[in-house]
Structure formats: C-alpha cells, structure tokens
Amino acid sequence: MARSLFPPARRVKVLLPLPLAGSYDYGVPPGMDPLPGSFVEVPLGGRAVAGVVWDGEPDPGDVPESKLKDIAGILPAPPLPDASRRFVERVAAYTLAAPGSVLRMAMSAPKALEPASLRTVYTAADPPPEDIRWTAARRRVMDFAAQGPALPAADLAREAGVTPGVIRGMADAGALLPLRLPDTESFDDPDWERPGPELSDSQHAAATELCEAVRAREFSVTLLDGVTGSGKTEVYFEAVAAALAAGRPVLVLLPEIALSAQWLERFEDRFGTRPAEWHSDLPPGTRRRTWKAVAEGRVKVMVGARSALHLPFPELGLIVVDEEHDGSFKQEEGVIYHARDMAVLRAQVCDCPIVLASATPSLETVTNADAGRYRRLRLTERHGVAKLPSIDVIDLRKTPPPRQRWISPPLQDALEETLARGEQALLFLNRRGYAPLTLCRTCGHRIECPTCDAWLVEHRFGRRLECHHCGFAMKTPDHCPECQDTDSLVACGPGVERLHEEALAILPDARIEVVTSDTLQGPLAAAAFVDRMASGEVNLVIGTQIVAKGYHFPLLTLVGVIDADLGLAGGDLRAAERTFQLLSQVAGRAGRAGHAGRVMLQTANPGATVLQAIATGDRDGFYAAEASMREEHGWPPYGRLAALIVSGEDEGQVERTAGDLARAAPRADGLRVLGPAAPPLALLRGRYRRRLLLKTGRDISLQRVLTDWLSRVKPPNAVRIQVDIDPYSFM
Ligand code: ADP
Ligand code: ZN
C-alpha cells in the first residue's frame with residue numbers, strides 16, 4: 001500500500017446534542033487547535049451542527065481516513081468544563097439516556113454559541129414627551145421601563161404584557177429611547193459581607209456546620225431537616241455567604257421557580273442584589289446571555305428549576321436543593337431523571353457540598369441520613385414567636401356539607417371567624433377547573449379525551465373542556481355528544497372554580513382569588529399575587545398545590561383542606577408519603593407569624609394513618625411505619641426499581657413488544673419483573689402504553705441488567721421503549 005504524502009489528519013471525538021449512540025469522529029484541519037470541551041461546528045448529513053469535542057482517543061478503525069469530515073470551525077464560547085462533561089457521562093450512564101440527549105440539556109441556549117452582537121434596548125425618556133397619548137398599556141410599559149433594566153423591545157413587551165406594536169409606537173413618539181449595547185449581561189456580585197439576621201442558637205449551630213462543609217471544599221451531603229418556618233432558608237443563606245466569601249459560585253434549585261418571587265426578594269434583602277435565574281419562562285435573549293455568563297464564570301449565584309443543573313458552571317462551591325422532596329424535580333419527558341439525585345451526582349463530580357432542605361424530606365433522603373451516608377441537621381421549632389398550627393380532622397360523615405357543596409359546617413364557621421378577625425384563609429383543593437367529570441344524565445355518557453384514557457375537565461370560566469394530560473380542549477358542548485340530548489350534561493365533583501362559586505355564595509365578606517397554574521403564569525403574576533396578599537386586597541385564597549409551597553403570608557391563619565383523601569386514591573407506592581408531604585406543606589402556610597394558625601382537614605376516612613400522623617404531629621412515627629412497610633416488600637429505598645414504558649400508535653405492536661420484553665426478561669436471584677400491565681393512562685396522546693417494572697435488591701446494578709435485557713429485544717420502528725430509573729409516576 002502506498003503511503004500518503006501527508007501525515008494522517010489529526011482526529012477527535014465530537015459529541016453532538018442528538019439522541020445518537022455515541023460520539024462521532026471528525027478531522028482537525030491544519031491550524032485549528034480544538035481542546036476537549038471546545039464547542040465546534042461540524043457537518044452532519046448536509047447540515048452544520050454544533051457539538052462538543054469529547055475526551056478520549058478516537059478509534060481510526062471507526063471511519064476510514066477518506067470518509068472523515070473536518071470540523072468546520074471552533075465556536076466563540078469557553079470550552080464545556082471538564083466537570084460538565086463528566087456530568088453528562090454520569091447522567092447518561094445512570095438514566096440510560098443517549099449521552100447526546102444529556103448534552104442537549106447542557107446546550108440549552110444554542111444561540112449563546114454565536115458571536116456576541118449589538119442589540120437595541122430601550123429606556124424610559126425622563127421626562128416623557130408632553131404630547132404623548134397615555135393608554136393603560138403605555139403606562140405599564142413606562143412604569144416597567146422606568147424601574148427595570150433597559151430591555152430589547154420584545155422582552156419589554158413581554159414583561160409589561162403588551163404587544164410589540166405598543167413599544168414601537170412609544171419609541172416613535174419619543175417616550176422610549178433606544179440604546180445600542182453589546183449583547184451581554186452582567187450580573188452584580190452578591191454582597192456576602194452584609195450582615196444576616198441574628199440566628200437562634202439552633203439555627204446558628206446548623207449554619208456553622210454548613211459553613212464548615214463549604215470551607216472543606218469537598219463532596220458531602222447534608223440534609224437540612226427543619227419544620228416549616230424554622231428558618232432553613234436563613235440557615236442555608238449563611239452557607240451561600242461562606243461559598244461566596246471563598247470566591248466560589250452557588251447553585252440553588254427550587255421547585256417551580258416561577259413561584260419564587262418571595263425567595264428572590266429575601267435573597268435581595270440579604271445579599272443586596274438578585275441572583276441569576278434559570279427556568280423555562282426566561283425570554284430567549286435573557287436565556288442566551290445568562291447561559292453565556294455562566295460559561296464565562298460571571299455568575300456567582302444561580303437560582304433555577306431542575307434544568308439549571310445542566311448549565312456549564314466552570315466550578316461550584318455549593319449546591320442547595322430546597323424542598324428536596326418535591327415531585328417537580330422529577331423530569332418525566334425526554335431524559336427521565338430526578339434532579340435531586342442528579343444534583344448529588346453533580347456535587348460529586350464538582351467535589352463540592354450539597355444541602356438538601358425540607359420540612360418533609362423524601363424517604364430516600366431520610367434513609368440515607370439514618371444510615372449515616374448523609375449528615376443531618378435538625379431545626380425543630382418555628383422561628384420567633386410563631387407556633388406550629390393546631391390541626392383538626394373533620395369527619396365528613398359526621399358533619400357533611402349540604403348537597404352539591406364541599407365546605408362542611410365547621411370549616412364554614414372557622415372561615416367566617418377568620419375573615420371577621422381581619423385575617424386570611426386558604427382553601428386547598430388539588431384540582432384545577434370547575435369539575436373533574438362531565439356526565440350525561442340521560443344516557444350516562446362520560447366525556448373523555450379523544451386521545452387519552454382520561455375524562456375531560458370542565459373549565460367553566462374559559463367555557464371549555466380540557467384534558468389535563470395532553471392539553472386537548474374543546475368548547476363545552478350544550479348537548480350530549482353521545483345521545484344528543486340537550487340540558488342533560490351535569491358537572492360532577494368539585495374543582496377550584498366550583499369551590500369559588502360556593503365560597504362566594506356563603507362568605508359575603510370574602511375577597512377571593514383562585515390560584516392555580518392556569519392563573520399564575522410566570523414570576524410577575526406570582527409577584528402580583530404576593531402583593532395582593534400582603535396588602536390585604538385578597539383575604540381568601542382558593543388554590544391547588546401551587547400555593548402549598550414556600551409562601552410566607554403573616555396574616556394567613558386558617559388552612560382548610562377540602563379533600564384530604566384525594567392524594568391517597570391512586571395508591572401507588574409513594575401515595576401516603578406524598579400526601580403526608582403535601583398536607584404538611586399546606587398546613588405549614590398557617591400561622592407563620594405571631595397569630596395562631598389552624599388547619600382543618602376534611603376527610604371521609606379520619607382513621608387513615610397519614611391524617612393521624614399529621615394531626616398528632618408524629619412525623620417520625622409515620623416515616624418509621626412507612627419505612628418498615630417498604631423494607632418488608634423490598635420497595636425503594638430498600639430495593640431498586642425501574643420502569644420500561646412501551647408505547648406506540650398501533651396497540652397490537654405495543655402488546656407484542658411488551659410480550660417480547662416479558663419473554664426476554666432477566667431471571668436471577670434478587671430480581672423480579674412485574675408486568676406487562678396497562679397503566680391507568682393506557683392511552684396517552686394517541687399512543688397506547690404498557691409498562692413493565694424491574695425490581696431488584698439494592699446491591700444489583702439495575703443499569704447493567706436493563707442494558708442487557710434491552711439488547712435482546714428489537715422493537716419495530718414505530719414502537720418506543722422508554723426507560724425510567726427510579727420511577728415516581730405510575731400513571
Ligand atoms: P423555612 O425555610 O424553614 O420555612 P424561613 O427561612 O422561610 O423558614 O423562615 C420563616 C420566617 O422566619 C421568614 O420570614 C424568615 O425571614 C424568618 N426568620 C427565620 N429565622 C430568622 C432569624 N434568625 N431572624 C429573623 N427572622 C427569621
Ligand atoms: Zn388527552
């Protein structure tokens with residue numbers, strides 16, 4: 001064989017943010033010097049794609065020299081840090097997702113990889129021109145522009161809730177002035193030297209331990225276990241200050257960041273500036289600039305939803321996961337992962353401490369603390385004069401509400417008294433809309449989603465029926481779609497809208513606000529709601545779980561839980577635990593300042609263990625009972641669990657694939673395969689579904705067993721098998 005005149009091109013591995021089995025090799029043209037982590041543009045099937053130069057030696061046997069394509073260019077962004085690359089690999093290995101799919105979560109602002117350009121932003125003219133015609137929309141823009149940072153037209157329109165046309169009109173009229181600025185964002189450094197509040201002895205002791213963990217600069221996990229209102233936030237703020245003092249950045253994960261208006265305010269009070277934020281509601285420009293600022297090491301404190309975990313931090317000095325037990329940390333689509341667990345992995349990779357904070361920690365975390373794998377710090381009292389609320393269980397069989405009503409007489413009395421005292425109340429019902437089911441009185445037909453195994457939920461305010469699983473919506477019909485009878489459709493059961501109707505009828509003094517994910521979209525809406533509570537404009541909140549968490553309203557003294565049995569109905573392995581957590585969180589909203597709080601739980605089953613545990617405040621007893629039940633049956637955290645979800649549009653194909661999986665199932669001591677079974681949502685978004693569960697002992701590598709199992713089954717192209725390690729949803 002003739003030897004080439006030129007030495008073979010240098011080649012490197014490039015991982016692309018696509019669901020491919022692994023990295024691809026590319027050639028490095030002369031003069032180019034990519035490093036591991038460099039963001040590069042490469043050709044792929046006629047397109048240009050951005051990817052990351054990956055570690056490790058490429059294998060010249062994979063692609064012949066003649067077929068090797070060259071990297072087109074290095075993109076102007078700092079290389080993806082080593083820790084981020086290791087994290088991508090570890091998450092992929094744990095979840096069995098394609099590494100490229102995990103990388104995609106780290107490359108969540110592709111535009112940030114392009115060269116920074118100039119952009120036009122607007123500020124308010126001061127004073128504004130005299131001849132301008134003022135509309136409500138224009139005033140809102142002006143108020144926002146006068147207080148907030150200079151923003152591009154689209155962002156300003158979005159923040160002020162107006163159309164872009166309004167901004168253009170105001171710029172033409174000279175009320176808004178354009179500025180050309182480089183398209184970057186600078187974040188003020190939080191001032192860690194500002195004094196925090198004086199801590200109580202127990203708070204101080206906890207804070208000292210956390211600060212020591214931060215100074216140790218090594219991996220450790222601490223459970224900060226404190227009752228609602230005990231000052232967990234103040235305590236971990238001390239650890240944040242310690243990390244900043246050491247010059248190391250901090251990542252705080254919160255569930256449903258949109259609701260954290262109060263958290264952001266507290267942070268600003270403590271550190272003199274707002275932290276950087278990351279969540280799905282960020283305007284695209286902010287998203288791009290924030291990503292870039294993180295990559296360039298200019299963000300000192302980031303608070304975000306679970307997706308913030310994948311940002312390219314060059315280093316981390318501390319990770320905090322607040323409300324660590326919260327279900328929204330589990331991502332159920334795309335790469336299926338639990339952000340709390342992956343945050344622990346992230347801390348390991350970055351060799352930094354992590355704090356898991358909660359008043360009702362997950363059984364997983366409690367077990368790790370009991371076994372000594374995690375450190376545990378406890379705060380057992382509310383701060384200051386605030387006391388934990390008193391809890392009454394209301395037996396709906398003894399004191400039922402009138403027909404077609406849901407507020408029992410004792411709860412109604414308590415509501416009247418509370419509002420008469422000038423205090424505030426919360427009615428909790430975890431059901432959006434007006435009624436969960438619409439039924440025809442004539443033929444018995446129940447209106448269902450056309451593409452899911454689910455009833456359509458009536459939203460009377462919006463005059464439509466909606467599927468809460470796929471988003472399908474239709475106008476509320478005036479006759480039965482089955483028998484065509486008119487005036488025969490009846491709403492069954494309550495949702496928050498229906499409760500609103502009832503409260504209006506029986507509480508003339510109530511100033512009510514219904515708060516759900518439908519009404520509270522985005523941080524601004526959340527902040528406005530907090531203001532209405534603080535000013536007393538609202539004195540009765542009717543809400544879903546969206547109001548159960550985190551909020552601190554000093555005058556809120558009564559919490560009524562309309563249906564304490566609701567969460568237990570599904571009966572999956574964590575139903576009791578989740579109900580305990582949710583009800584404890586809701587109860588924790590009552591009496592957070594000097595006024596005594598009261599919680600009333602309406603139930604048809606007052607003897608239920610969960611309710612008794614909450615009523616008597618016997619959290620540890622509840623956890624112990626729950627733990628021994630799980631241990632006896634080998635359920636998590638005492639055993640390991642993974643789900644395989646088979647789905648497709650052809651039910652027969654789905655059945656056959658599920659059957660193939662069952663026949664190929666691993667057989668060995670210490671592991672069991674359950675199913676295939678049709679889950680409650682056996683049809684979702686037009687896809688039929690079957691589920692198998694793999695249950696093993698703790699000492700077995702679930703991932704290895706699954707990989708081997710899946711390699712033995714080849715599903716048809718139209719059938720998908722999703723792997724869910726540590727499943728939380730069994731729907
Ligand atoms: P948790 O996070 O445990 O629910 P928070 O940190 O929200 O508790 O504290 C509850 C309330 O008590 C907050 O308004 C907080 O500012 C206040 N608080 C807690 N600790 C202190 C302290 N040492 N000094 C002053 N206020 C405190
Ligand atoms: Zn649907």
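Numbering of ligands and ligand atoms starts at 1, following listing order.
- Residue L199 has at least one heavy-atom neighbour below 4.0 Å for each of these atoms of ligand 1: 23 (N).
- Atom 2 (O) of ligand 1 has T233 OG1, 2.9 Å as its closest protein atom, hydrogens excluded (heavy atom only).
- With contacts defined as side-chain heavy-atom distances shorter than 4.5 Å, the pair E466/L456 does not qualify.
- Against a heavy-atom cut-off of under 4.0 Å, E198 is close to the following atoms of ligand 1: 22 (C), 23 (N), 24 (N).
- Of the candidates R270, Q203, K232, Q203 brings a heavy atom nearest to atom 20 (N) of ligand 1.
- Defined by atom type and a distance below 3.5 Å, a donor-acceptor pair is missing between the side-chain atoms of D572 and Y728.
- Listed by number with element, the atoms of ligand 1 under 4.0 Å from a non-hydrogen atom of G231 are 1 (P), 3 (O), 5 (P), 6 (O), 8 (O), 9 (O), 19 (C).
- The SG atom of C467 and the SG atom of C452 subtend an angle of 110° at the Zn ion (ligand 2), given to the nearest 10 degrees.
- The backbone of V227, and not its side chain, has at least one atom closer than 4.0 Å to an atom of ligand 1 (non-hydrogen atoms only; backbone = N, CA, C, O).
- The closest protein non-hydrogen atom to atom 4 (O) of ligand 1 is G229 N, 2.8 Å.
- Here the closest non-hydrogen pair linking M533 and V538 is SD-CG1, 3.8 Å.
- Q581 and T360 share no donor-acceptor pair across their side chains, judged by distance under 3.5 Å alone.
- The angle C449:SG - the Zn ion (ligand 2) - C470:SG amounts to 110°, with values rounded to 10 degrees.
- Residue contacts with ligand 1: R266 is placed with a nitrogen or oxygen under 3.5 Å of a nitrogen or oxygen of the ligand (distance criterion only).
- Ring pair F553/Y551 is parallel by interplanar angle, where below 30° counts as parallel and above 60° as perpendicular.
- Checking E268 against T273 by side-chain atom types alone, no donor-acceptor pair falls below 3.5 Å.
- Using a 4.0 Å cut-off between charged nitrogen and carboxylate oxygen, K330 and D724 count as a salt-bridge pair.
- Using a 4.5 Å heavy-atom cutoff, the side chains of P494 and L429 are in contact.
- Not a single heavy atom of G226 sits under 4.0 Å from any atom of ligand 1.
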- request: Tell me, with the steps shown, if T228 and R382 meet side-chain hydrogen bond (donor to acceptor under 3.5 Å, both in side chains).
  value: CA-CA 7 Å; T228 52; R382 280 197 161 175; 3.1 Å; yes
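- For the pair R382 and ligand 1, no heavy-atom separation below 4.0 Å is found.
- For ligand 1, the polar-atom distance check finds an N/O of S230 within less than 3.5 Å of one of the ligand's N/O atoms.
- The part of P197 lying near ligand 1 is the side chain, judged by heavy-atom distances below 4.0 Å.
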- request: Under the ring-ring contact (aromatic ring centres under 6.0 Å, His included) rule, what do F237 and W263 come out as? Steps first, then yes or no, please.
  value: CA-CA 11 Å; F237 274 179; W263 193 96; 5.6 Å; yes
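- When heavy-atom distances to ligand 1 are checked against a 4.0 Å cut-off, E234 comes that close through both its backbone and its side chain.
- Heavy-atom separations between L379 and ligand 1 are all 4.0 Å or longer.
- Of all the listed residues (E323, Q585, H552, H383), H552 holds the heavy atom that lies closest to atom 11 (C) of ligand 1.
- Between V301 and F271, every side-chain heavy-atom pair lies at or beyond the 4.5 Å cut-off.
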